[in-house]
2 protein chains.
Amino acid sequence: MHLKEAGIGEGISEVIVTTQSVSGVPNAAPIGIITITNEENKYFVKLYKGSKTLSNVQETNKLAANVTDDAVLFVKAAFEPLAKTQFSLFYGFPVLKEANSWILFDCTFSKKTRESFVFRLAPLAVKTNRKEVKAINRGLNAVIEAAIIATRYAITEDKRDRAEREKLMALYARIVEKCGGSREKEAMKILQEKT
Amino acid sequence: MHLKEAGIGEGISEVIVTTQSVSGVPNAAPIGIITITNEENKYFVKLYKGSKTLSNVQETNKLAANVTDDAVLFVKAAFEPLAKTQFSLFYGFPVLKEANSWILFDCTFSKKTRESFVFRLAPLAVKTNRKEVKAINRGLNAVIEAAIIATRYAITEDKRDRAEREKLMALYARIVEKCGGSREKEAMKILQEKT
């Protein structure tokens, strides 16, 4: 099954990963899907220890990749539980209603590192909801970079490079202010309230 | 005419602008289309003095926005003349064959700043060639940011913040290496050869 048509390309695709616990509680978090392109495409994901996504995958061996370019959805998924009304079901598995495409994956443990578990992903089902054409917006890019920095603030006690990160955050905030649309500006506002 | 369907959204849309001289020589350069969203959308472009795009627009009062997410196309358009075979004609005006959409604009002089001319843009014709779904790739974002920094190296004599810019270039190179696909890696390689 080739996933390029559903938006998962070479390198790392930034998506919102949805999972559920054994008892059926859904979760959403922004995560990268790693595509290794050889004679056939191979998909992997690296899940950090202590994350809800990891414990859910360990319980159910499944995750769904939700492809979206909505800056607000990325930031909300990074910092707060999404509302139940934002989920829909795809083959009985929670996905995000607003996503442009869904890919349901089976997860097989591949390796363990000091801080994470890596899983090999095998696509079980794919659905494209919406195709579009959209010019690159530097504001969207800046929100994603800022969210990654902000997430790292949250999960590490490391104080090194703090000034460096704050300088980058200020740079990304300026880019959003200059280049972003209303969704990017709203996302940046949420992000700044969280950090 | 609403351009969102053709990929020109709120804020600044990074596109490749094609123009031609009175004698019909085509040119391509990465430029932002500014959308001001009020009761109706208004489109503007800021063209730097000394640029081929500006002199062509002054000669013909027209430009075309080519929406694409091809990192290599962005970098090549920034640093070298594109091959004639990469152009096609849209209502007799040069556009990029590979673009996902084309918007042909009429340009009206709006204001002059120290370093640029601003034009108000009125869409004359729109064509969407290809819609797709594509996950965010941080490598693509990083190529765009790196290309902007590299372009500024070229047009300014200013030595201030040079170390800062080199640090950012190194950061973006690392992101491309980690997250990019083959197009992003090729684009970054071209960019590094040019700077």
Side-chain angles (χ1 to χ4, degrees), chain A residues 3-16 30 32-35 37 65-71 74 99-103 126-145 148 164 167-168 171-172 175-185, chain B residues 3-16 30 32-35 37 65-71 74 99-103 126-145 148 164 167-168 171-172 175-185:
Chain A
L3 301 183
K4 207 178 165 192
E5 287 291 304
I8 303 294
E10 288 176 287
I12 302 184
S13 301
E14 304 299 330
V15 302
I16 298 180
I33 303 293
I34 304 160
T35 303
T37 312
N66 297 262
V67 175
T68 177
D69 52 13
D70 184 344
F74 265 98
N100 292 336
S101 72
W102 301 319
I103 306 102
V126 180
K127 180 154 192 269
T128 298
N129 300 312
R130 192 186 307 114
K131 292 188 177 191
E132 55 186 8
V133 50
K134 209 164 172 182
I136 289 170
N137 183 299
R138 294 177 62 207
L140 172 60
N141 305 350
V143 168
I144 301 297
E145 293 303 319
I148 287 166
E164 202 54 45
K167 205 148 67 176
L168 275 177
L171 167 68
Y172 294 133
I175 294 175
V176 170
E177 195 48 47
K178 181 184 170 196
C179 306
S182 56
R183 292 301 277 177
E184 287 78 25
K185 285 174 185 170
Chain B
L3 301 183
K4 206 177 166 193
E5 287 291 304
I8 303 294
E10 288 177 287
I12 302 184
S13 301
E14 304 299 329
V15 302
I16 298 180
I33 302 293
I34 304 160
T35 302
T37 312
N66 297 261
V67 175
T68 177
D69 51 13
D70 183 343
F74 266 98
N100 293 336
S101 71
W102 300 319
I103 306 102
V126 181
K127 181 153 192 270
T128 297
N129 299 312
R130 191 185 309 114
K131 292 187 176 190
E132 55 185 6
V133 50
K134 210 166 171 182
I136 288 169
N137 183 299
R138 293 177 63 207
L140 173 59
N141 306 350
V143 168
I144 301 297
E145 294 302 319
I148 288 166
E164 203 55 46
K167 206 148 66 177
L168 275 176
L171 167 67
Y172 295 133
I175 294 175
V176 171
E177 196 47 48
K178 181 183 169 196
C179 306
S182 55
R183 292 301 276 178
E184 287 79 25
K185 285 174 186 170

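Reckoned from all heavy atoms, side chains included, excluding hydrogens, waters and symmetry mates. The chains referred to below are lettered A, B, ... by the order of the sequence lines, with proteins before strands, and numbering in each begins at 1.
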Partners of B/Glu145 by side-chain hydrogen bond (donor to acceptor under 3.5 Å, both in side chains), sequence neighbours excluded? A/Arg138

Does any heavy atom of chain B fall under 4.5 Å from the side chain of A/Ile33, the backbone, both, or neither of them? neither

For the pair B/Asp69 (side chain) and A/Ile136 (backbone), establish whether a donor and an acceptor sit closer than 3.5 Å, ignoring hydrogens and angles. no

So what's closer than 4.5 Å to chain B heavy atoms on A/Val67: side chain, backbone, both or neither? side chain

A/Asn129 side chain to A/Ala99 main-chain N or O, any donor-acceptor pair under 3.5 Å? yes

Taking side chain as C-beta onward, heavy atoms only, is A/Val143 less than 4.5 Å from A/Tyr172? no

Hey, are the side chains of B/Val126 and B/Ile103 touching, using non-hydrogen atoms and a 4.5 Å cut-off? yes

Return the set of residues passing side-chain hydrogen bond (donor to acceptor under 3.5 Å, both in side chains) with B/Ser182 (not counting sequence neighbours), or none when no residue passes. A/Glu10

Residue from A/Lys178, A/Lys185, A/Arg130 scoring the most non-hydrogen pairs under 4.5 Å with chain B is A/Lys178

Tell me, out of B/Cys179, B/Ala142, B/Ser13, who's got the most heavy-atom pairs with chain A below 4.5 Å. B/Cys179

Heavy-atom distances under 4.5 Å only: say whether A/Ile34 touches chain B with side chain, backbone, both or neither. neither

Turns out that what part of A/Lys4 lies under 4.5 Å from chain B's heavy atoms comes down to backbone

A/Thr35 portion near chain B, given a 4.5 angstrom heavy-atom threshold: neither

